Protein chains: 2
Amino acid sequence: MMDADVPRTPARRRRDAAATRQAILDAAVAAFTRHGYDGVGVREIAQSAGVTAMLINRYFGSKEQLFAEAVDVAFAPRTVIAGTGDALAGETARALAARTAPEADELGPFLLMLRSAANPSAAEIMRDAIARHAGRHLGEELSGDAAGVRAELMLALQAGVWLLRSVLATTALRDAPQEELAAHMEPLFRRLTDPQ
Amino acid sequence: MMDADVPRTPARRRRDAAATRQAILDAAVAAFTRHGYDGVGVREIAQSAGVTAMLINRYFGSKEQLFAEAVDVAFAPRTVIAGTGDALAGETARALAARTAPEADELGPFLLMLRSAANPSAAEIMRDAIARHAGRHLGEELSGDAAGVRAELMLALQAGVWLLRSVLATTALRDAPQEELAAHMEPLFRRLTDPQ
DNA sequence: CCATCATGTCTACGAGTGTAGACTCAAACA
DNA sequence: TGTTTGAGTCTACACTCGTAGACATGATGG
């Protein structure tokens, strides 16, 4: 609490390359998640990071390479599944219901994925990121026949719920109570985690 | 068999307003499905319809209103479910596996939905279309508790599979044989059609 | 045959895009 | 203290976008 500086915008750094790079990256993750790859310009990202647009090119080479790093950040630490073992299906269903609630307004890899899917270059970048992070991690958690297919079906179901409930806000899913919705989704996830 | 989907010389209409309007609408459905709302410009749509960009504004008022009509066309006649009654789950799973196959390169409402979801105006238009067509039709087919939620979960699952398998082309889903994939998805749909 | 009006085209504008190049300025090292 | 280096900014270019307004054209009714 020693910093008495009132940060009017993003905390006026004094020439710290690493911090500036990180600020741009953070702003990019938020912006791409909210508006998609094509929906946001480099000027907008730079402004919310407190710098000029050209610094993006200096630090990341291009908008596309910035997007690639942002995707890596969004997919890497985030948990795309919740819980382990027997609790996996239930936890995933409950977490999904909570995070897609209309009042949640959360960010996360699924929104980034959905809102940037239209651009072919962005799609390719995200496919690689999924293979590198989420898909692999989830594939290890599952076991048995066709673990990869079942893992990606879990991702697909989650992505679809994010799309209808959070992005499009269709009536039935938007108005469904969290517990009830989770109760409907839980057996679906269980079918994928425990394929009898 | 008619001509290819991209008419090289758009058959030189001689001043037929209705036919021109229809040609623009057809081109719009194809273009929006392939590239999304933000991914295609009115000049491109007009050219593949064999007219000038300004005719779009004359006949539809704006790009956004053209999109609204295109969404209606894409969602209305298309079947978002396959089969009825007991066969619904199995037919839907098999049709989904077939239409999302890498070599299929089909169009359809789900691709249009996914690729235009990033734009807020487009999202609102599509939410209304879903409520008007797919959601309602599917809700009638289902019965029992929370039919609306289960219907939209069916849509969500399908949308997610379209996203991962067809748009992103993730490895496991891309390489899975149709029958095997359908076998994995069928019990999921059955859980939603017959909630025991 | 000619006037008419819907049908379609042309030019242009204002705004927004990503990014290249030249610039300024602060900090670190001699 | 003077010099070098890198952090950050400014201006500008070469596009693309949606669309507004003026203009051309061809089929049709008299």
Side-chain angles (χ1 to χ4, degrees), chain A residues 5 7-28 31-32 34-71 115-116 118-122 125, chain B residues 7 9-28 31-32 34-71 115-116 118-122 125:
Chain A
D5 227 290
R8 304 181 29 223
T9 0
R12 208 56 197 142
R13 279 173 311 281
R14 18 184 298 280
R15 292 193 168 244
D16 182 341
T20 299
R21 220 191 106 101
Q22 191 60 46
I24 293 175
L25 195 51
D26 292 346
F32 284 138
R34 262 190 264 267
H35 307 113
Y37 181 79
D38 290 322
V40 66
V42 291
R43 286 171 177 81
E44 193 177 340
I45 295 174
Q47 182 178 6
S48 85
V51 297
T52 344
M54 272 314 297
L55 268 199
I56 288 181
N57 270 30
R58 181 186 281 289
Y59 282 127
F60 297 90
S62 68
K63 182 191 182 185
E64 192 169 304
Q65 292 177 271
L66 170 63
F67 179 74
E69 288 212 31
V71 167
R115 294 213 168 102
S116 302
N119 188 293
S121 313
I125 290 171
Chain B
T9 319
R12 209 56 197 138
R13 275 177 313 281
R14 15 186 296 279
R15 291 191 170 245
D16 183 340
T20 298
R21 220 192 106 102
Q22 190 59 46
I24 293 175
L25 195 51
D26 292 345
F32 285 138
R34 263 190 264 267
H35 307 113
Y37 181 79
D38 290 322
V40 66
V42 291
R43 286 172 176 81
E44 193 176 340
I45 296 175
Q47 182 178 5
S48 84
V51 298
T52 357
M54 272 313 297
L55 269 198
I56 287 181
N57 271 31
R58 180 185 281 288
Y59 281 125
F60 297 90
S62 68
K63 183 190 182 185
E64 192 169 305
Q65 291 178 272
L66 170 62
F67 179 74
E69 288 211 32
V71 168
R115 294 211 168 104
S116 301
N119 188 294
S121 313
I125 290 171

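All values reported here derive from a predicted model rather than from experimental measurement. Letters A, B, ... are given to chains in the order of the sequence lines, protein chains preceding strands, and every chain is numbered from 1. The figures that follow rest on heavy atoms only: side chains count, while hydrogens, waters and symmetry mates do not.
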Just the atom pairs and distances: protein N or O near nucleotides 3-6 of chain D's N or O, under 3.5 Å.
unit_1 : atom_1 : unit_2 : atom_2 : d
D/dG6  : N2     : A/R15  : NH1    : 3.0

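- Shortest non-hydrogen contact noted between B/A27 and B/S48 is CB-OG, 3.3 Å.
- Straight-line distance from the NE2 atom of B/H35 to the P atom of D/dT16: 16 Å, rounded to whole Å.
- The CG atom of B/D16 sits 8 Å away from the P atom of C/dG8 (whole-angstrom rounding).
- The two atoms that bring A/R115 and B/A118 nearest to each other are O-CB, 3.1 Å, heavy atoms only.
- Ionic pairing of A/E69 and A/R21 is present here: one or more N-O contacts between side-chain nitrogen and carboxylate oxygen are shorter than 4.0 angstrom.
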Quiz item: Given B/V40 and B/R34, is the side chain to side chain contact (heavy atoms under 4.5 Å, CB included) satisfied, shown in steps?
Solution: CA-CA 9 Å; B/V40 66; B/R34 263 190 264 267; over 6 Å; no
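- Atom-to-atom, CG of B/L55 to C1' of C/dC10 comes out at 12 Å; the value is rounded to the nearest Å.
- Summarising the geometry, the separation between CG on B/L66 and P on D/dG18 is reported as 11 Å, rounded to the nearest angstrom.
- Pairing each heavy atom of A/A122 with each of A/S116, the nearest pair is CB-O, 3.5 Å.
- A straight line from CE of B/M54 to C1' of C/dC13 spans 13 Å, rounded to a whole angstrom.
- Atom CG of A/L25 is separated from atom CG of A/L66 by 6.5 Å, given to the nearest 0.5 angstrom.
- Taking only side-chain nitrogens and oxygens, B/T20 never comes nearer than 4.0 Å to OP1 or OP2 of C/dT7.
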Each nucleotide N or O in nucleotides 14-18 of chain C that has a protein N or O under 3.5 Å away: list the pair and distance.
unit_1 : atom_1 : unit_2 : atom_2 : d
C/dG18 : OP1    : A/K63  : NZ     : 2.9
C/dG18 : OP2    : A/V42  : N      : 3.0
C/dG18 : N7     : A/R43  : NH1    : 2.9
C/dG18 : O6     : A/R43  : NH2    : 3.1

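- Between A/K63 and A/D38, the shortest heavy-atom contact is NZ-CA, 4.4 Å.
- Here B/F60 lies out of heavy-atom contact (under 4.0 Å) with every strand.
- Nearest heavy atom pair, residue A/I45 against residue A/I24, reads CG2-O, 4.1 Å.
- In this structure, B/Q47 atom CD and C/dC10 atom P are separated by 12 Å, rounded to whole Å.
- Using cut-offs of 30° and 60° on the angle between ring planes, the pair A/F67 and A/Y37 is perpendicular.
- If you measure from atom OH of B/Y59 to atom C1' of D/dG18, you get 19 Å, rounded to the nearest angstrom.
- One atom, CD1 of B/I24, and another, P of D/dG18, lie 14 Å apart when rounded to the nearest Å.
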